[in-house]
Amino acid sequence: DTEVTQTPKHLVMGMTNKKSLKCEQHMGHRAMYWYKQKAKKPPELMFVYSYEKLSINESVPSRFSPECPNSSLLNLHLHALQPEDSALYLCASSSSGGKPLAKNIQYFGAGTRLSVL
Amino acid sequence: AQTVTQSQPEMSVQEAETVTLSCTYDTSENNYYLFWYKQPPSRQMILVIRQEAYKQQNATENRFSVNFQKAAKSFSLKISDSQLGDTAMYFCAFGAVVGAGGTSYGKLTFGQGTILTVHP
C-alpha cells in the first residue's frame, strides 16, 4: 500500500472560519510534509515533520498551524485565511529509515483544493 | 541551496512520437537524487522515474528514460511512444537528505515544470 489519503478533497471557507485538513498514511513512514501549490506552479514546501516533531517551518504565516498527533496522521489547521491562500494543499510522506534514496522518495496524496472567499 | 531549472514551459507531441523534456540543476552536494514527477489534470503527483547521482547508468522505466549528465548537471526525460495519458505537467526535482541519524529525511527542490500535451 503506497497510498496517502487526504480529506477533504475540496474545501470552501470564509476568512473568519476555522477548518482542518487531514492527511493519513499507513506505510510506516516517519517523515510527513505539507506543500502549497498554485495553478501551473511547483509545490512549495510549508512544513516537515520527522518522527512527529516539526523539523521545518518555511516561514509560513501563523494562520496555518500544523499538527502531527501520531506517526500516521498529519493535520493542517486553518484560521483567518486570506483569499490568496486559495490553492491545492498536498501532503506527502517518505521513509525516515533505511537508505538515503528511500528518504528522498516522497509519496503524495491527491490534495485538498481550498478556496477562501 | 539547490536550484532546478526547466527551460521549456510548454511542449507538445503527437501520439506515438518521442519527446524530451529538459532539466538542469545546480548544487554543491555530493550525494543527491533526481526525480521526474508527473501531475496530470487530476493534480495527483506521480513519481515517474528516479536517478541516484552516484550511478552512471541512466535509469529507465518502460517508455520513460533519462539522460543524466552529472558533470553538466543535466537530467532530461525522454518519453517514447507518447500516449494521450502522458498529457500532464512534469516536474524535475532534486532530492537530498537533511539532518543526521535516524531522524533525517529527504527534501525535494522542484523545477518550474513543463506542461506536456500529447495530441491524437
Side-chain angles (χ1 to χ4, degrees), chain A residues 2-6 9-10 23 28-58 68 71 74 87-114, chain B residues 1-6 9-10 23 25 27 29-55 59 61 88-117:
Chain A
T2 57
E3 191 172 296
V4 176
T5 304
Q6 289 187 244
K9 289 189 181 352
H10 301 276
C23 173
H29 290 170
R30 302 305 293 272
M32 296 186 76
Y33 310 75
W34 278 118
Y35 290 89
K36 173 183 177 181
Q37 187 181 24
K38 292 281 198 179
K40 297 186 179 181
K41 295 292 185 182
E44 299 173 23
L45 183 63
M46 300 174 72
F47 303 104
V48 181
Y49 274 85
S50 178
Y51 284 82
E52 296 87 71
K53 291 185 179 178
L54 185 63
S55 296
I56 289 182
N57 177 341
E58 295 283 12
C68 189
S71 60
L74 185 66
L88 180 72
Y89 288 84
L90 292 167
C91 173
S93 71
S94 69
S95 172
S96 278
K99 297 181 179 179
L101 174 60
K103 298 184 182 187
N104 278 279
I105 297 177
Q106 293 186 20
Y107 296 87
F108 285 82
T112 294
R113 192 179 299 273
L114 174 68
Chain B
Q2 286 68 237
T3 59
V4 179
T5 303
Q6 294 179 247
E10 294 190 42
C23 173
Y25 62 94
T27 184
E29 297 271 353
N30 290 319
N31 299 314
Y32 57 90
Y33 304 85
L34 296 163
F35 305 91
W36 280 97
Y37 278 88
K38 164 186 176 181
Q39 189 175 39
S42 66
R43 307 298 296 270
Q44 174 87 50
M45 289 282 280
I46 302 164
L47 179 63
V48 174
I49 198 165
R50 65 192 189 218
Q51 176 78 42
E52 290 135 286
Y54 62 85
K55 288 188 176 179
E61 286 285 343
M89 190 155 191
Y90 286 79
F91 292 101
C92 177
F94 175 102
V97 173
V98 175
T103 59
S104 60
Y105 53 89
K107 185 177 179 184
L108 294 179
T109 302
F110 289 93
Q112 289 300 305
T114 297
I115 298 172
L116 175 67
T117 304

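From a predicted model like this one, the values you see are computed outputs, not experimental measurements. Residue numbers start from 1 in every chain, and the chains themselves are labelled A, B, ... in the order their sequence lines are given, proteins ahead of strands.
Contacts between A/Lys40 and chain B at a heavy-atom distance below 4.5 Å involve backbone atoms as well as side-chain atoms. Contacts between B/Tyr105 and chain A at a heavy-atom distance below 4.5 Å involve backbone atoms as well as side-chain atoms. Neither the backbone nor the side chain of A/Glu44 has a heavy atom closer than 4.5 Å to any heavy atom of chain B. At a 4.5 Å heavy-atom cutoff, B/Tyr32 makes no contact with chain A through either its backbone or its side chain. If you measure heavy-atom distances from B/Gln6 to chain A, you find no contacts under 4.5 Å at all. Contacts of A/Ile105 with chain B are made by both backbone and side-chain atoms, with heavy-atom separations under 4.5 Å. Residue B/Met89 touches chain A through its side chain alone, counting heavy-atom pairs closer than 4.5 Å. Proximity to chain A is limited to the side chain of B/Glu52, based on heavy atoms less than 4.5 angstrom apart. Contact of B/Ile115 with chain A is made through the side chain alone, with heavy-atom distances under 4.5 Å.
The number of heavy-atom neighbours closer than 6.0 Å to CZ of B/Arg43, taken from other residues, nucleotides and ligands shown, is above 12. No more than 12 heavy atoms of other residues, nucleotides or ligands lie within 6.0 Å of CG in B/Asn31, so this atom counts as exposed by the packing criterion. Annotation for A/Lys38: atom NZ counts as buried by contact number, over 12 foreign heavy atoms lying within 6.0 Å.
The two atoms that bring A/Pro42 and B/Phe110 nearest to each other are CB-CB, 3.8 Å, heavy atoms only. Here the shortest heavy-atom pairing between A/Tyr33 and B/Gly106 reads OH-O, 2.7 Å. For the residue pair A/Asn104 and B/Val97, the shortest heavy atom distance occurs at ND2-CG2, 3.4 Å. Counting all heavy atoms, side chain and backbone alike, A/Lys41 lies closest to B/Phe91 at O-CZ, 3.5 Å.
Atoms CZ and CG, on A/Phe108 and B/Leu108 in that order, are 6.0 Å from each other to the nearest 0.5 Å. Interatomic distance, B/Met45 CE to A/Gln37 CD, rounded to the nearest 0.5 Å: 6.0 Å.
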**Report entry** Trace of the side chain to side chain contact (heavy atoms under 4.5 Å, CB included) decision for B/Lys107 with A/Val48
**Finding:** CA-CA 9 Å; B/Lys107 185 177 179 184; A/Val48 181; 6.0 Å; no
